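Just so we're clear, the structure is a prediction, and the values are computed from it rather than from any experiment.
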Amino acid sequence: VPFFMSGGLPVCMLLIAYKMVKTWYQKEEEKTALTIGNTNAELLLLKAQVHPHFLFNTLNNIYSYTLDKSPMAGELVAKLSHILRYMTKECEDAQVPVGNEIKILTDYIGLERVRYGSRLDLQVEITGNPENKTIAPLLMIPFVENAFKHGASKMLQHPWIKLIITIEDSQLIFNLTNSKPLTSQAANGKNGLGLKNVRRRLQLLYPTTHSLVINSLSDYFSVEMVVALEKVPGSQELSRLE
């Protein structure tokens, strides 16, 4: 009986095809694992870049008070200590409670509010229920820091910042607008390191579940960020820092 009529050829072809498919699948798995590894490594790098960038500017603020021997220095150090504890304990996780992120954000604003006093028109409005919802850490602070560093601190007269955060059932809506001098450079726009990092982290962590609109106009700067929130079961207490 001829070889191809005995079934030997089809079986051989099937074996070859199976081996080719298996090899292709293994290579795809290796490529996926490499991509995930590279993504995780990039996320760690981006997060590591957020920490010193944020801390450097905060320490500068406290340093100015220590030079003046202001009694406020102690309070500012306490707030910074709380922020550091949050970064070292909470921010290693991929997701953190929304309530904790809000608290750390208001702590940072508290540091800046003391420095500017009544000279700054600062409006903060936070609405919605953060319970049982999580978000990637340190997404909002770079924008708020940017508003102070490149907006309020550069204004000789009437600096203002308006922050509105709305926590909905499945998403967080972050709206920030701040004044800036007419001669403000691109650092207040899309080229700042902190803002670049946030953009990249959003692309990696929320590729299809976020939106980010940044406008840098002649006399003001605005950010609108919408991020999907994850839900966690139960009614656990969100703030573990108190």
Derivation of the side chain to side chain contact (heavy atoms under 4.5 Å, CB included) call for V96 and Y86: CA-CA 10 Å; V96 296; Y86 175 76; 3.4 Å; yes
Nearest-0.5 Å distance that lies between atom [atom1] in [X] and atom [atom2] in [Y]:
| X | Y | atom1 | atom2 | answer |
| --- | --- | --- | --- | --- |
| I173 | E224 | CD1 | CD | 7.5 Å |
| H82 | I104 | NE2 | CD1 | 4.5 Å |
| F221 | L195 | CZ | CG | 5.5 Å |
| D121 | N178 | CG | CG | 12.0 Å |
| N197 | L138 | CG | CG | 11.0 Å |
| L229 | N132 | CG | CG | 11.5 Å |

Close side-chain approach of K196 to P142, heavy-atom, < 4.5 Å: no
Non-hydrogen side-chain atoms of I141 and E101 separated by less than 4.5 Å: no
Is [X] reaching over with its side chain to a backbone N or O of [Y], donor-acceptor style, under 3.5 angstrom?
| X | Y | result |
| --- | --- | --- |
| Q171 | V227 | no |
| K162 | N175 | no |
| T106 | I102 | yes |
| Q123 | L163 | no |

What are the two closest heavy atoms between [X] and [Y], and how far apart are they?
| X | Y | answer |
| --- | --- | --- |
| M225 | L139 | CE-O, 4.0 Å |
| L176 | F143 | CD2-O, 3.3 Å |
| P159 | S179 | CA-OG, 3.5 Å |
| G99 | P130 | N-CB, 3.8 Å |
| H210 | L212 | CD2-N, 4.2 Å |
| S216 | K180 | OG-NZ, 2.6 Å |

Check whether [X] and [Y] end up in the same hydrophobic cluster, where Ile, Leu, Val, Met, Phe, Trp and Tyr are linked by side-chain heavy atoms less than 4.5 Å apart.
| X | Y | answer |
| --- | --- | --- |
| I167 | V226 | no |
| I164 | I161 | no |
| L80 | L76 | yes |
| W160 | L217 | yes |
| V77 | L111 | yes |

I165 and M140: CA distance, side-chain angles, deciding distance, side chain to side chain contact (heavy atoms under 4.5 Å, CB included) verdict: CA-CA 10 Å; I165 298 175; M140 295 182 284; 3.9 Å; yes
Step-by-step side chain to side chain contact (heavy atoms under 4.5 Å, CB included) determination, R199 to I214: CA-CA 10 Å; R199 281 181 176 276; I214 297 177; 3.5 Å; yes
Evaluation steps, side chain to side chain contact (heavy atoms under 4.5 Å, CB included), between L120 and E112: CA-CA 10 Å; L120 173 66; E112 294 285 8; over 6 Å; no
Parallel, tilted or perpendicular, as decided by the 30° and 60° cut-offs, for the rings of F148 and Y108: perpendicular
